[in-house]
There are 2 protein chains.
Amino acid sequence: MTKQSVHQHEIQVTVDIVVLTVDDQKLKVLLIQRGIAPFKGQFALPGGFVLANETLDAAAFRELSEETGTENVYLEQLYTFGDPKRDPRGRVVTVAYYALVPAGNSPLLAGTDAAAAGWFGVDELPVVAFDHPKIIGYAVNRLRNKLEYTSVGFELLPKKFTLTKLQMLHEAILGRSLDKRNFRRKILSTGLLIASKEMEITGRKPARLYAFRNLK
Amino acid sequence: MTKQSVHQHEIQVTVDIVVLTVDDQKLKVLLIQRGIAPFKGQFALPGGFVLANETLDAAAFRELSEETGTENVYLEQLYTFGDPKRDPRGRVVTVAYYALVPAGNSPLLAGTDAAAAGWFGVDELPVVAFDHPKIIGYAVNRLRNKLEYTSVGFELLPKKFTLTKLQMLHEAILGRSLDKRNFRRKILSTGLLIASKEMEITGRKPARLYAFRNLK
DNA sequence: CCAAAAGTGTTAGGAGTACACCCATGG
DNA sequence: CCATGGGTGTACTCCTAACACTTTTGG
């Protein structure tokens with residue numbers, strides 16, 4: 001920012017977004033199959049170039065909307081990757097984001113150079129282009145950490161949900177099982193949940209539905 | 001990364017480094033007085049453009065060395081700031097880093113456009129250019145959090161130090177006082193410290209010197 | 001012997017963890 | 001009446017936090 005003004009026109013800036021969801025008891029990431037070189041046919045994270053007059057956050061939201069039709073999601077900057085060799089086309093610095101979406105909420109519109117898209121379990125990834133496997137790893141770690149010492153994960157569920165659903169969500173993200181009584185005691189003691197009067201009628205004993213207290 | 005290849009030559013990429021130290025019982029940041037416009041005469045973080053063939057980390061190390069003569073320090077990527085209006089000269093995305101240096105270890109060489117440099121208590125900042133006050137705030141928060149749930153702060157002390165020095169360091173970073181007995185019990189129980197046989201002879205009762213177990 | 005900083009244990013409360021049974025419903 | 005998932009309490013351990021006096025040295 002200080003120092004001499006060497007102009008670095010060679011560097012391009014992109015955003016890439018690790019869209020995560022939990023479905024079928026698995027933590028999954030949204031990948032798009034590339035229709036163009038390089039890595040044509042391989043899967044990659046949604047993302048694209050940052051435009052001249054938008055913030056980085058705005059670029060991430062825009063790409064997410066354009067490439068996957070996903071809107072109104074939780075989005076957080078993750079880390080910036082800038083190895084000179086990370087993109088064979090030239091020098092590209094990418095600001096990685098991660099997003100959380102409720103299961104079954106992504107229309108998955110294919111973009112111009114995206115032949116196909118799909119959800120993949122983070123432990124069952126296909127061949128993924130660029131340094132995107134590393135970026136996905138960062139996102140998974142971040143989500144797990146956040147879940148440990150904040151009370152997140154809310155963004156991955158519908159407005160009303162049972163405690164069992166919430167617990168299964170946590171288990172899927174953390175990759176281990178949790179004690180039912182301890183989980184309920186802890187999550188209820190945070191005061192972040194409000195019990196609704198509705199029950200989920202599931203064929204067996206009805207389960208109470210909860211909602212998150214509208215923080216902010 | 002996917003999507004159409006709109007070239008964004010307008011964006012420039014810099015690194016800015018929040019160099020932190022603890023001196024005189026205060027958490028301080030290294031600022032350089034700008035010798036050129038914009039914000040001439042104001043203080044700013046050391047930093048500069050990322051070169052064509054270096055990683056972001058390498059750029060941060062290089063700028064730190066060039067502008068302040070600081071070498072071999074702890075350095076970690078913090079966050080990336082990309083508001084289109086953050087730099088009046090044009091579109092500049094900056095990858096912010098923070099560095100930790102032991103007190104009194106920075107030669108503070110003035111760079112070409114840096115008329116002067118100095119350490120400022122993070123609660124007593126002068127007028128600071130760009131969005132650098134915000135970046136400093138991010139760094140201070142990150143350091144405080146890291147100190148809470150990892151056992152960091154090691155990088156801010158000389159190789160050998162007394163437990164009282166270490167405690168004062170923690171107190172300066174956290175901005176509150178800590179109980180001596182609890183602090184010692186906790187820090188010693190981590191096994192990260194090794195007691196040397198040397199004592200610091202300070203005029204009063206001698207204090208044992210400790211060192212950090214060479215992790216990594 | 002006085003001033004100054006080093007060094008040292010115990011107790012109480014809260015958080016986390018392990019663990020097993022009864023309940024309500026639909027079929 | 002049975003199968004299925006919903007729902008509940010207690011005991012133990014460990015970590016944290018509060019709290020005060022003795023020791024060693026130099027002057």
Side-chain angles (χ1 to χ4, degrees), chain A residues 22-25 103 144-153 157-158 160-212, chain B residues 22-25 103 144-153 157-158 160-212:
Chain A
V22 172
D23 190 22
D24 189 25
Q25 276 288 80
R144 284 183 179 149
N145 286 334
K146 257 196 124 77
L147 199 62
E148 295 279 13
Y149 60 87
T150 71
S151 297
V152 200
L157 286 174
K160 300 203 172 176
F161 50 86
T162 64
L163 291 183
T164 298
K165 292 277 168 54
L166 182 59
Q167 182 177 350
M168 290 194 303
L169 176 80
H170 281 236
E171 289 176 337
I173 293 173
L174 297 176
R176 62 191 168 90
S177 58
L178 301 170
D179 181 86
K180 182 160 56 163
R181 284 166 290 188
N182 294 337
F183 179 80
R184 285 167 184 246
R185 180 166 351 102
K186 184 176 171 182
I187 206 81
L188 288 174
S189 77
T190 64
L192 291 172
L193 295 188
I194 43 183
S196 81
K197 278 158 193 153
E198 302 164 59
M199 307 295 275
E200 186 183 59
I201 42 174
T202 167
R204 301 302 164 207
K205 177 174 178 177
R208 182 161 305 276
L209 287 166
Y210 289 80
F212 290 107
Chain B
V22 172
D23 191 21
D24 190 26
Q25 275 288 78
R144 284 184 178 147
N145 286 334
K146 256 197 125 75
L147 201 61
E148 295 280 13
Y149 60 86
T150 71
S151 296
V152 199
L157 286 175
K160 301 203 171 174
F161 50 87
T162 65
L163 290 183
T164 298
K165 292 279 169 52
L166 181 59
Q167 181 177 349
M168 290 193 303
L169 176 80
H170 280 238
E171 289 176 340
I173 294 172
L174 297 176
R176 62 191 168 89
S177 59
L178 301 170
D179 180 87
K180 183 161 56 161
R181 283 165 291 190
N182 292 337
F183 179 79
R184 284 166 184 246
R185 185 171 340 106
K186 185 177 172 182
I187 206 82
L188 288 175
S189 76
T190 63
L192 291 171
L193 294 188
I194 44 182
S196 81
K197 278 157 193 154
E198 300 164 60
M199 307 296 274
E200 186 182 60
I201 44 175
T202 169
R204 301 299 167 210
K205 176 173 180 179
R208 182 162 303 277
L209 288 166
Y210 289 80
F212 289 108

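In what follows, chains carry the letters A, B, and so on, assigned in the order in which the sequence lines appear, proteins first and then strands, with residues in each chain numbered from 1. Nothing here was measured: the structure is a model prediction, and the numbers come from that model.
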Practice task
Using whole Å, report how far CD1 of A/Ile201 lies from C1' of C/dA24.
Solution key: 14 Å
Practice task
Looking only at non-hydrogen atoms, find the nearest pair between A/Ala103 and A/Val22 and report the distance.
Solution key: CB-O, 3.2 Å
Completion exercise
Exactly one of A/Arg184, A/Lys186, A/Arg185 clears side chain to side chain donor-acceptor pair (under 3.5 Å) with A/Asn182, and that residue is A/Arg185
Problem - Between D/dT4 (C1') and A/Arg204 (CZ): distance, integer Å - result: 5 Å
Show every donor-acceptor pair shorter than 3.5 Å between a side-chain atom in residues 193-203 of chain A and any protein atom, with sequence neighbours excluded, or say none if there are none.
unit_1: A/Ser196; atom_1: OG; unit_2: A/Glu198; atom_2: N; d: 3.1
unit_1: A/Ser196; atom_1: OG; unit_2: A/Leu209; atom_2: O; d: 2.9
unit_1: A/Glu198; atom_1: OE2; unit_2: A/Lys160; atom_2: NZ; d: 2.4
unit_1: A/Glu200; atom_1: OE2; unit_2: A/Lys165; atom_2: NZ; d: 3.3

Exercise for the section: Work out how much the helix from C/dC1-D/dG27 to C/dG27-D/dC1 bends between its end axes, five pairs an end, to the nearest 10 degrees. Expected result: 10°
Completion exercise
Here the distance between atom P of D/dT16 and atom CZ of B/Arg176, to the nearest Å, is 12 Å
Practice task
Among residues two or more places apart or on two chains, list those pairs meeting salt bridge (charged side-chain N to carboxylate O under 4.0 Å, His left out) that have a residue in residues 168-183 of chain A.
Solution key: A/Glu148-A/Arg176
Fill in the blank from the handout: B/Phe161 meets the ring-ring contact (aromatic ring centres under 6.0 Å, His included) criterion, sequence neighbours left out, with B/Phe212
Problem - Whole-Å gap separating P (C/dC19) and CG (A/Leu178) - result: 15 Å
Exercise for the section: Just jot down the side chain to side chain donor-acceptor pair (under 3.5 Å) partners of A/Arg208, sequence neighbours excluded, or say none. Expected result: none
Exercise for the section: Could you tell me which residues satisfy side chain to side chain contact (heavy atoms under 4.5 Å, CB included) with B/Ala207, sequence neighbours excluded, listed by chain and number? Expected result: B/Thr162
Completion exercise
Atom CE of A/Met168 and atom P of D/dT4 are separated, to the nearest Å, by 16 Å
Handout entry: Contacts of type ring-ring contact (aromatic ring centres under 6.0 Å, His included), residue A/Phe183, not counting sequence neighbours
Key = A/His170
Fill in the blank from the handout: A correct 5'-to-3' footprint of nucleotides 6-16 of chain C, with B, S and - meaning base, sugar-phosphate only and no protein heavy atom under 4.0 Å, is BBBBB------
